[in-house]
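Have a look at the structure below before the remarks.
Order of the sequence lines sets the chain letters (A, B, ...), proteins ahead of strands, with each chain counted from 1.
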Protein chains: 2
Amino acid sequence: MPEAQPEVKKRADAQANYARILEVALAALTADPDASLNSIAKTAGVGAGTLYRHFPTRDHLVVAAYRHEVEELVDAAYSPWIAELNPVAALRTWFDRMAQYGMTKAGLMSALDAATKSVPFERAEIHGLLTAAIAHLLERGQQAGELRADLTAEDVLLAVGFLWRLDPASDWRPQAARLLDLVVDGLRAQ
Amino acid sequence: MPEAQPEVKKRADAQANYARILEVALAALTADPDASLNSIAKTAGVGAGTLYRHFPTRDHLVVAAYRHEVEELVDAAYSPWIAELNPVAALRTWFDRMAQYGMTKAGLMSALDAATKSVPFERAEIHGLLTAAIAHLLERGQQAGELRADLTAEDVLLAVGFLWRLDPASDWRPQAARLLDLVVDGLRAQ
DNA sequence: ACCTGAACACCGTTCAAGT
DNA sequence: ACCTGAACACCGTTCAAGT
């Protein structure tokens, strides 16, 4: 159950800028995942240097902008209404939620996409959050003997990576359902 | 069984430039999938405009540069030694080959990656080639009653998309094997 | 017909100068 | 401490001028 680390005290204007950049970045990246950092800085009314001071790389900004969404998704894996479901249904339901998030936030898809690659530093944060959530759901099913024990959370994250390669403009739901059925079925013991 | 379309007669220097750009692009993109077009033009000894005359977009160049590799992969799907295998083994063996290609050519991975997204124009070409090859292997198994009939070639392409999100620097083979087992198992009838 | 390469608008990133 | 915004090196792309 990941928790936001205690914020270091910053000067008031720095805090306000940080918040404003994040707010603008979320909107801009949702509209266009390739939005330029300069344009985000300009829209936020700060100098380019200020953006770089707070977010040394593009990844830092993307990760921070979608932290909320990712945390919501991750928290859902530990929620009581997920715990009530049997392990297989819990996993499947959580993946459905994952698809929803990915399809409504274009920029979030980039972040999740990067999360399936094993790259250093910031991207690893989302990767870690997601694999921890998957591991939690996976272990429940493995202990109950309902899910295969020879697959890791990383394996599963890769296997459902198709979720953010679907076309949001298309009728993606039936395709997502077919493929999730295939994967979740493959995760069953025996 | 896709075939290269008959080349339109071009001036000799244009043909030579075309070939040289492609040669340089293959090497450059393999080394770094984000290699700049200007740097490729410079290395090829042509002006930037010449590169754009032959390849109006980056996608055109990437697709053309890896045409050979993709065609080799696609042709393998129709090869006699694949035809000798039972349908499930044929599919699995072909996916193994796909992983090999993806892991040794960084730029090819970008092209394949784009191929799983339904984007217009040039990228659709690789998508079409790959889905045709998959459809061929799929239909053999479906007619033999060994593979599920409710999945399309597009579904399968998405399902194995993890192959080009593996980390070439890591020990990816066991992970690819685990996940391919999972998918191919899910494709089996019943 | 085709090529060159300077030019344009833009990008990410840095850093002196300000408060 | 933190911010600004001009500056730098680079990118993709265009297009007048050449052959």
A:Ala35 or B:His54, whichever maps to the more 5' nucleotide of DNA chain C: B:His54

Comparing B:Gly45 with A:Arg58, nearest DNA chain C nucleotide closer to 5' gives the residue B:Gly45

Atom [atom1] of [X] to atom [atom2] of [N]: distance rounded to whole Å?
X: B:Phe55; N: D:dT13; atom1: CZ; atom2: P; result: 14 Å
X: A:Leu51; N: D:dG5; atom1: CG; atom2: P; result: 14 Å
X: A:Lys42; N: D:dG5; atom1: NZ; atom2: P; result: 10 Å
X: A:Asp34; N: C:dC10; atom1: CG; atom2: P; result: 16 Å
X: B:Ile40; N: D:dC10; atom1: CD1; atom2: P; result: 16 Å
X: B:His60; N: D:dT13; atom1: NE2; atom2: C1'; result: 15 Å

Between [X] and [Y], is any pair of side-chain heavy atoms under 4.5 Å apart?
X: A:Leu163; Y: A:Val160; result: yes
X: A:Tyr66; Y: A:Leu29; result: yes
X: B:Leu73; Y: B:Leu130; result: yes

Among B:Ile40, B:Val24, B:Asn38, which one satisfies side-chain contact (heavy atoms from CB on, under 4.5 Å) with B:Leu51?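 Single pass found, and it is B:Ile40.
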
Heavy-atom closest pair, residues B:Ala159 and A:Leu179: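 Smallest heavy-atom distance, with atoms named: CB-CD2, 3.9 Å.
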
For the side chain of [X], counting heavy atoms from C-beta on, which of [options] is nearest?
X: A:Tyr52; options: C:dT14, D:dC3, D:dC11; value: C:dT14
X: B:Leu37; options: D:dT13, C:dG12, D:dC3; value: D:dT13
X: A:Ala48; options: C:dC3, C:dT14, D:dC3; value: C:dT14
X: A:Thr50; options: D:dG12, C:dT13, D:dC3; value: D:dC3
X: B:Val46; options: D:dC11, C:dT4, D:dC3; value: C:dT4
X: B:Asn38; options: C:dG12, D:dC3, D:dT13; value: D:dT13
X: A:Arg53; options: D:dT13, C:dT13, D:dC3; value: D:dC3

Does a nitrogen or oxygen in the side chain of B:Asn17 sit under 4.0 Å from OP1 or OP2 of C:dC3? yes

C:dC3: pairing nucleotide in any strand, Watson-Crick or G-U under 3.5 angstrom: none

Who is the Watson-Crick or G-U wobble partner of C:dC11, with both distances under 3.5 Å? none

